[in-house]
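To start, the structure under review is shown below, and the notes come after it.
The model shown is predicted, which means the values in this text are computed figures rather than measured ones. Lettering of chains follows the sequences in order, A, B, ..., and the numbering in each one begins at 1.
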Amino acid sequence: MRQILVTSALPYANGHIHLGHLVEYLQTDIWVRFQKLVGNRCVYVCADDTHGTAIMISATQQGITEEELIARMQKAHMADFAGFDIEFDNYGSTNSPENREYCAEIWSALRRAGLVVEKEVTQLYDPVAGTFLADRQVKGTCPKCGAANQYGDNCDKCGATYSPSELKNPVSAFTGATPENRSANHLFVNIERLRDFLTEWTQKGDHLQPEVANYLAGHFLHEPLRDWDVSRPAPYFGFEIPDSPGNYWYVWFDAPIGYMASTRQWCDRHGENFDDWWRSDKTEIHHFLGKDITYFHTLFWPAMLKTAKISLPKKVHIHGFLTVGGEKMSKSKGTFVRAATYLEHLNPAYLRYYYASKLTARVDDLDLNLDEFVAKINSDLVGKVVNLASRAAKFVKKTGLSAAYPDDGGLFRQAAADGRTIAEAYDECDFNRAMRQIMAVADRANQYVEHAQPWTLRADAAQAQRLQDVCTVALNLFRQIVVYLAPVLPRLADQTAELLNRPIRHWDESQEPLVGTPVSKFTHMMKRVEPKQVDAMIAASAEPEADNAAAATFDDSPEPLADEPLTGVCTFDEFAKVDLRVARIVAAEDVPEATKLLHLTLSLGGEKRLSVFAGIKGVYEPESLVGRLVICVANLAPRKMKFGTSEGMIAAAGAGGKEIYLLSPDEGAKPGQRVH
RNA sequence: GGGCCCGUAGCUCAGUGGUUAGAGCAGGGGACUCAUAAUCCCUUGGUCGGAGGUUCGACCCCUCCCGGGCCUACCA
């Protein structure tokens, strides 16, 4: 039995999980579930990556503390992962005491090894945000062609390159302030001194995919490795460096250490010894990550681990990016789909299978083609796999499976033997190959049913035994397929366990046929995907194209959002409970005894009226309201008030007091229409 | 500006320095009706992005070009 520790890259706490992230978490989760299913001891840890300038600035813009921001985002991330059946053994945060502890430990090892050097760095500084800026965080007018709103390093329009100080009208991308030059001392790690080790480790021992090893050899290791800048001056959201007050560890220093910190939390919860997992040959460590962060994990991270005498990863599995319809994900096209949005429209099993069917052990990008997505789910999962149970189960509902496994022409044995190559494909992360082989088993099973014609057998009472046998074969082949698919489709495995009254706990359940068990009533295990559902998801994800030039001229204050920060995620179902309607105010009268209330009568068209008390007295005159359209909550539970019962609520923005702004629909809206 | 990856049938992808380049889906024809318009049988379809080169021989090696995606820009 292998003992395996698995990580996925830590998602940054500055944004929500989207379909691109899920390539990695699903790939990892499938691999982990496979390892657990075959009986290996496997622990899967992850955490939110919470430090850095971007978090600091976001928090300021939202008017909340960094801690609040990262706590909210962690909650959202964990909900998204759970929604996709991604099961971490521990999900931590880089802003944890455990992480600080391991950062200090590795840091002192780097110091002891004499690898830390100090150098002065001159950088652009944003005096308003009070923070240093990378070149990319400065924008201005291109000095060559005059194109507006270009980054501080080169021009997208004419391709010219320059330094940020050459930009005309340079501004901070965060605050719009004019940046200035400032110098500060930074701490660097001299990894050139570990060149021999890094060359050996990256080029030998199968720790990396071949293309990754080649890339490193050609791109980094052919020249002296530059010192790695691992500190940032205050203010910075992160951990202050103990022996360098006023300096903080750069987010990329403490992020991978978060793998250890998260493991530590798991160990503490389970009475495990941390050193058995990170300082022992008996544990294999596997990292899964995207190609953009290759060098952090294949040069700096091994260098840190080596120096601190901590276990090196056995394998770093690097994957490509997600494209949708062959293109980069786009917010304006609606292909930048958040995990939460997907879950409102589609079953997570669909995406799990689709990605599995496309993932290989290589670094290639993965394309999500939406038409193919629909076709593949309907054809493979519903048409081939679930169909097997669907066409056989009801014939044996009364009898259960045969007492002895009948002659099936060697089909079960063949598929059992296929389990070995399927398992190999899983273990090598070649899920595409595994899925192809599993579907081949499903094809053979459908051919078998076609040939055996249970629908003919059932018409002849003398063939009852034969009918039961045929269905026993069909259901066993189905179950075998479900075992093979269990890492990808855990819910299907559970449903199958219920149908056949036998849990699926181990890969080896695919090796012996199941006989003599009762068969439960068959219910649909997975619905076909309707293209309409996919369209709805894309429509829900589409954001109008932001015109950068125009956006720059708006100068909306961040205060309203800061005063009332965004609330937690609301699912579509929750939102759908609120029935918002267009309504016409047909009567409005003062309530003399009340200080804030007006009594409004709303028409939803036809005879439908709602009597509503609204707290807008003194802001709107009753006469001016009659005839206008508003948006109301039409299904709000009626509420008894001092002056009568209020049957709804009209929607308005503003802080209250004199600041109340009723919402109006655009022209053409009709009373009674629902707001979606 | 530097670099990486990809470009094989309509779509998504396998594939090996060597006989007639494969699969799934889609398309066409037929069968069946147990099943979520599912299944089964047969079948159309590719000058392997383009141009050179190496080789007895290249889709697979080299060069250049074109197209697509991505990373990075001296805090790699």
Strictly under 6.0 Å, is that where the ring centroids of A:F431 and A:Y426 end up? yes
Quick check on B:U39: is either OP1 or OP2 less than 4.0 Å from any side-chain nitrogen or oxygen of A:Q453? no
What nucleotide, of B:C34, B:C13, B:C71, holds the atom closest to the side chain of A:D292? B:C71
Please state how far atom CD in A:Q533 lies from atom C1' in B:U36, giving the value in whole angstrom units. 13 Å
What's the closest nucleotide to the side chain of A:R226 if the choices are B:C41, B:G69, B:A76? B:A76
Counting heavy atoms from C-beta on, name the nucleotide in B:A76, B:C6, B:G24 closest to the side chain of A:D364. B:C6
Looking only at B:U36, B:G24, B:U12, the nucleotide nearest the A:R528 side chain is B:U36
Please say whether the positively charged group of A:R182, taken as NZ for Lys or CZ for Arg, lies over the ring of A:Y125, i.e. under 6.0 angstrom from the six-membered ring centre and within 45 degrees of the axis. yes
As a test of reading the structure: which of B:A14, B:U12, B:C75 is closest to the side chain of A:E372, going by heavy atoms? B:U12
Which base, if any, makes a Watson-Crick or G-U wobble pair with B:C64, both distances under 3.5 Å? B:G50
side-chain contact (heavy atoms from CB on, under 4.5 Å) partner of A:T496, chosen from A:V482, A:L489, A:L485: A:V482
Please give, in whole Å, the distance from B:C4 P to A:Q209 CD? 17 Å
Pairing partner of B:C70 (Watson-Crick or G-U wobble, both distances under 3.5 Å): B:G3
Nearest to side-chain heavy atoms of A:N387, which nucleotide of B:C13, B:A38, B:C34: B:A38
Rounded distance (Å) that lies between atom P of B:C70 and atom CG of A:D367: 11 Å
Reported CD-to-NZ distance for the pair A:Q209 and A:K291, which is rounded to 0.5 angstrom: 12.0 Å
Ionic contact status for A:E428 with A:R433, cut-off 4.0 Å: yes
Counting heavy atoms from C-beta on, name the nucleotide in B:C41, B:C34, B:U12 closest to the side chain of A:K358. B:U12
Aromatic contact between A:F288 and A:W31, with the criterion being ring centroids under 6.0 Å apart: yes or no? yes
A:K376 NZ to B:G24 P: how many Å, rounded? 12 Å
Considering every strand shown, what is the Watson-Crick or G-U wobble mate of B:G22 when both distances are under 3.5 Å? B:C13
Work out how far the P atom of B:U20 is from that of B:A58, and round it to whole angstrom. 12 Å
Stacking of A:H451 on B:C40 base (centres under 5.5 Å, planes under 30°): no
Regarding A:V386, tell me which of base, sugar-phosphate or nothing describes its non-hydrogen contacts under 4.0 Å with the strands shown. base
Atom CG of A:D229 and atom P of B:A76: how far apart are they, to the nearest Å? 7 Å
Which whole number of Å gives the distance between the P atom of B:A51 and that of B:A38? 41 Å
Take atom CE of A:M439 and atom C1' of B:C13, then tell me their distance rounded to the nearest Å. 15 Å
Which is more 5' along RNA chain B, the nucleotide nearest A:Y295 or the one nearest A:R444? Just name the residue. A:R444
Short side-chain N/O contact from A:H524 to OP1 or OP2 of B:U36, under 4.0 Å: yes
The side chain of A:K291 lies closest to which of these nucleotides: B:C70, B:C25, B:U36? B:C70
For A:F395, which contact category applies under a 4.0 Å heavy-atom criterion: base, sugar-phosphate, or nothing? sugar-phosphate
Rounded to whole Å, how long is the line connecting atom NZ of A:K384 with atom P of B:A38? 13 Å
For B:C5 versus B:A14, give the span between their P atoms, rounded off to a whole number of Å. 16 Å
Counting the atoms with a prime plus P, OP1 and OP2 as sugar-phosphate, which does A:D443 contact under 4.0 Å by heavy atoms, base, sugar-phosphate, or nothing? sugar-phosphate
Considering only atom P, compute the distance from B:C56 to B:U44 and round it to an integer number of Å. 37 Å
Quick one: are the ring centres of A:W107 and A:F253 less than 6.0 Å apart? yes
Can you tell me how far P in B:A23 sits from the matching atom in B:A9, rounded to whole Å? 14 Å
Distance in angstrom units between A:D365 CG and B:U12 C1', rounded: 14 Å
Separation of A:T472 OG1 from A:Q465 CD (nearest 0.5 Å): 8.0 Å
Tell me whether the side-chain N/O atoms of A:K394 come closer than 4.0 Å to OP1 or OP2 in B:A35. yes
Between B:U12, B:C71, B:G24, spot the one nearest the side chain of A:N369, thanks. B:U12
Describe the nucleic acid contact of A:V121 in one word from base, sugar-phosphate, nothing, applying a heavy-atom distance below 4.0 Å. nothing
Inter-nucleotide C1' distance (B:G27, B:U19), Å rounded: 31 Å
Taking the same atom, P, in B:G69 and in B:G17, what whole-Å distance lies between them? 31 Å
Watson-Crick/G-U partner (both atom distances under 3.5 Å) of B:G45: none
Measure from the side chain of A:R458, starting at C-beta and using heavy atoms only, and say which of B:C34, B:G24, B:C13 lies closest. B:C34
What interatomic distance, in whole Å, is found between C1' of B:G18 and the corresponding atom of B:A73? 46 Å
Ranking A:M525 and A:E450 by the position along RNA chain B of their nearest nucleotide, the one closer to 5' is A:M525
Quick one: is B:C6 close enough that its OP1 or OP2 comes under 4.0 Å of any side-chain N or O from A:R362? yes
Mate of B:A58 across any strand shown (Watson-Crick or G-U wobble, both atom pairs under 3.5 Å) is none
A:K358 bridged to A:E372 by N-O distance under 4.0 Å: yes
Could you check which nucleotide pairs with B:U39 in any of the strands shown, counting Watson-Crick or G-U wobble with both distances under 3.5 Å? B:A31
